[in-house]
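Some notes on the structure that comes next.
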Amino acid sequence: MSPDREIPLLTGRHISKRFGTFTANDDINFDIHAGEIHALLGENGAGKSTFVKLVYGLLSPDEGQFLWHGAPVEIRSPQAARDMGIGMVFQHFSLFDVLSVAENIQLALPAGISLSEVKERVITVSAEYGMTLSPDARVGDLSVGEQQRVEILRCLLQNPSLLILDEPTSVLTPQEADQLFAVLRRLRDDGCAILFISHKLDEIKALTSKATILRAGKKVTTCDSASTSAKELAELMVGAALDNSMRTPPVLHKGADSLFCVAQVSRPAATAFATALQDISLSVMSGEILGIAGIAGNGQTELMEVLSGEAIGDVTAGKIELDGVSVAGLGPDMRRQKGMRCVPEERNGHGAIINMSLSENALLTASHEPDNVSASGLVSWVKCHALSRKIIGSYDVRTPHHDPLAGSLSGGNLQKFMIGREMMSRPRLLIVAQPTWGVDIGAAQAIRAAMRRLLEDGTAIIIISQDLEELLVMSHRICVLNQGQLSEPLPAQDVTAESIGLMMGGITNSVSERAV
Amino acid sequence: MMRLTPRPYVSPHQLLLVPVLSVLLSIILGGLIFAALGYNALDALYQFFVAPLSRPDQIGNLFVKACPLIIIGTGLVFCYRANIWNIGAEGQLIFGALGAGWVALYLPESWHFMMLPLMILGGMIAGASLAAVPAFLKTRFQTNEILVSLMLTYVAGLVIDWLVRGPWRDPMSFGFPLTPYYPDAALIGKLSLPVVGKLGQLHWGILIALCVSGLGWFILSRTLAGFKVRVAGDAPRAARFAGFSPNIVTFSVLLVSGALAGLAGMVEVSANMGQLQPQISFGYGFTAIIVAFLARLNPAAVILAALIVALSELGGDSAQIAMGIPKVVTGVFKGILLFMLLAGETITRYELSFDLRMTGGKMSRGDADV
């Protein structure tokens, strides 16, 4: 393998990076060897993304030096990094929405490779790695999970000697993650070094040999990830002992009737790459959490739009009832007034407007409140600001100043703001997609705890997520969305990550028939 | 690839200094062009910037020129904020003049006490009805509002031509394509200011323009309707999520901008001409597009932007008259001035970076993840 006496592939010496008065990376020393899978661990804002951006040439360090094969280098640009043999899969994708999968990949390859050649390679490599992708699909029509596959594939086609993956498994099923790990291990055995960022500690233990832990911009330690327990890793990361009681599933609210009920709802696919919903039926009781598992691209976005009311015109059949009264004909604002609140998966430009202040974002889903908007249509920005301050205070949103643009918040903080905004109104039904995606462990626990508090008031909650661990911990019943069809719900204690994962991958199916 | 990323912080000094620098730069560049063409550069610049402001009556005329630009520009700000590209304000202005003209020419004498309010109403309805065409076609059939609104401008130009040469022509006009003069009740009078008295051709319409701009600012920043317009333009998906109907926003902004362009047409004819003729606008509907962008799509800033554009127009006229500088050369200078102002404004607010790499786009936009 790679003994320490060898010269490391990449070394960082006293790397520091500051943004104004904020120190994102503070005197970090780091080694990675060829043929090593190295984890980079840390909470949101710990400085992981900054560090890998420095390695990939997107930022340049204020102090310190990188060594490549022992020789000092300056990584001026991502192009320079790629020329050296560094590839990166980003957490936030860098794909052109209007181009096809193959065209996006062609752009990253050296000039002179024909599109048909690229398509062939996409098909062979994606099959080899078990990632189904149509080379002709438009990236804009793909789900988040599928877009990530394009990113991974694009890097693999460039045969890198150091591959950086920023939370690559957050949208994969356990089986898919295992397939990815097999690929990564093969790359490792071929001598490729892999820098792997993840929040999932069991993955880090299963896959990596070393882990470097960052906290508040500083390196805490580099440890042997196999011999360090997951709990120890987590504590090193957050700097405090974890509260294990958060992991116990909540108690079911007894004796409640079905509050929200969807029966045989169908919605045809809007574009060639959208998923049609077929005969969706679900119900959720007051005080209950229903988890909907499934891999991105199996109809999650479409289902969310049906539930929120954004797609009222497109629903061709079925019933949607709250308290036995149909809400199928109501738009999102009317459903909101009836106590149905939604948090969509996409923050930028869907659940939040990144170019507008938090006050304005608070008004986005509170414009029917007479406090904020008078009967004559005048907005009270003072009240909206107070509302946003209240959300910020109640849900521990960290903001740079008193009323910043939504886009200046980190992803995790914006997520807390969006969920807090909907919880603030004490909803009767809360529908959340990916509640803790890209959120650090501390914030994720806060979000989960807040959702459980809502249950005590009799709120019904639907969580649409790909994070199985979260669904298993949070939900009372779990069903699986696969190719636009929803399975019968199973009690959470009867399912394992393995069995649900297989259903998500469409391998076994308790649903009636599989769509062809 | 070039890209613009918003700067996190812009100091007030920069906001004040950059326009001054932009004007200085265009003066230097313009001076060089004038000198290269054999004109006295200093004289030419004097004609451009000082002559139109040198006498009180000329200052009044500057406001007369700015008046329609302010009214139309405010309406266009609404459209462009909502990401609806109404390019046909010129045609809506003409229709507004026709609507108001119909009232002026055919309203029975007993109703003359209501003349101006009815003309305003007629002008706004006519302008809005022309803008309703692209609104309907866009919401119903997803047509491109740029093409539809622009082409309707030519239709409007032909309609007014036909009316003033045909059915509405004054029989006493000796064959000229003109309608009869409006009755006195249909004219907007000159404005007499407290101390200085009358200022050139300055008329009451300027007060309408200032009110429109102020009201526009209020609606956009203080009302739910204005908020819906901004959300629909900035994040259409978020607007749907909030439950703001995109079709209603599209209709509203097109009707508002059409009505305001129509109002500008009514004011223009009633204050300056007193009768309809084939040419009633000097491209105000198109110039107002520049005004709207120069104002950074802020209705309150439209006043200042309209004055700057009006100054460059009048300065160009004065340089042509006093020095015989060809229209194309003054046009080039006007272009340089506006370009410098817009470019200066853009690079103050955004950072320009060049890169050849693939990564970009979504990376830099949102998350300040570190």
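Just so it is clear: chains get the letters A, B, ... in the order the sequence lines come, proteins before strands, and each one is counted from 1.
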Response to the item:
Among A:Leu364, A:Leu378, A:Val373, the residue with the most heavy-atom pairs under 4.5 Å to chain B is A:Leu364

Response to the item:
Applying a strict 4.5 Å limit to non-hydrogen atoms, the region of A:Glu360 in contact with chain B is both

Worksheet, complete the sentence: Whatever's closer than 4.5 Å to a heavy atom in chain A on B:Ser221 counts as backbone

Fill in: Straight-line distance of A:Ile312 CD1 to B:Arg240 CZ, nearest 0.5 Å
11.5 Å

Item to complete: Check whether any side-chain heavy atom of B:Phe244 sits under 4.5 Å from a side-chain heavy atom of A:Pro332, and report yes or no.
Response: no

Worksheet item: Is A:Trp381 close to B:Arg222 at the side-chain level, that is, under 4.5 Å between some pair of heavy atoms?
Response: yes

Worksheet item: Can you tell me if CG on B:Leu17 sees more than 12 non-hydrogen neighbours from other groups inside 6.0 Å?
Response: yes

Worksheet item: Under a 4.5 Å heavy-atom cut-off, does chain B meet the side chain of A:Arg336, its backbone, both or neither?
Response: side chain

Worksheet item: Minimum heavy-atom separation for A:His350 to B:Phe241, with atom names?
Response: O-CD2, 3.5 Å

Worksheet entry | Side chain, backbone, both or neither of A:Ser308 within contact of chain B (heavy atoms, under 4.5 Å) | neither

Worksheet item: Side chain, backbone, both or neither: which part of A:Leu363 has a heavy atom under 4.5 Å from chain B?
Response: both

Worksheet entry | Contact winner vs chain A - B:Ala238, B:Ala235, B:Ala239, heavy-atom pairs under 4.5 Å | B:Ala238

Discussion item. Quick check: do B:Phe227 and A:Met356 have side-chain heavy atoms less than 4.5 Å from each other?
Written reply: yes

Discussion item. Rounded at 0.5 Å granularity, tell me how far OG in A:Ser380 sits from CG in B:Leu224.
Written reply: 12.5 Å

Practice prompt. Apply side chain to side chain contact (heavy atoms under 4.5 Å, CB included) to the pair B:Arg230 and A:Ile353, showing each step before the final yes or no.
Written response: CA-CA 10 Å; B:Arg230 291 189 285 134; A:Ile353 313 153; over 6 Å; no

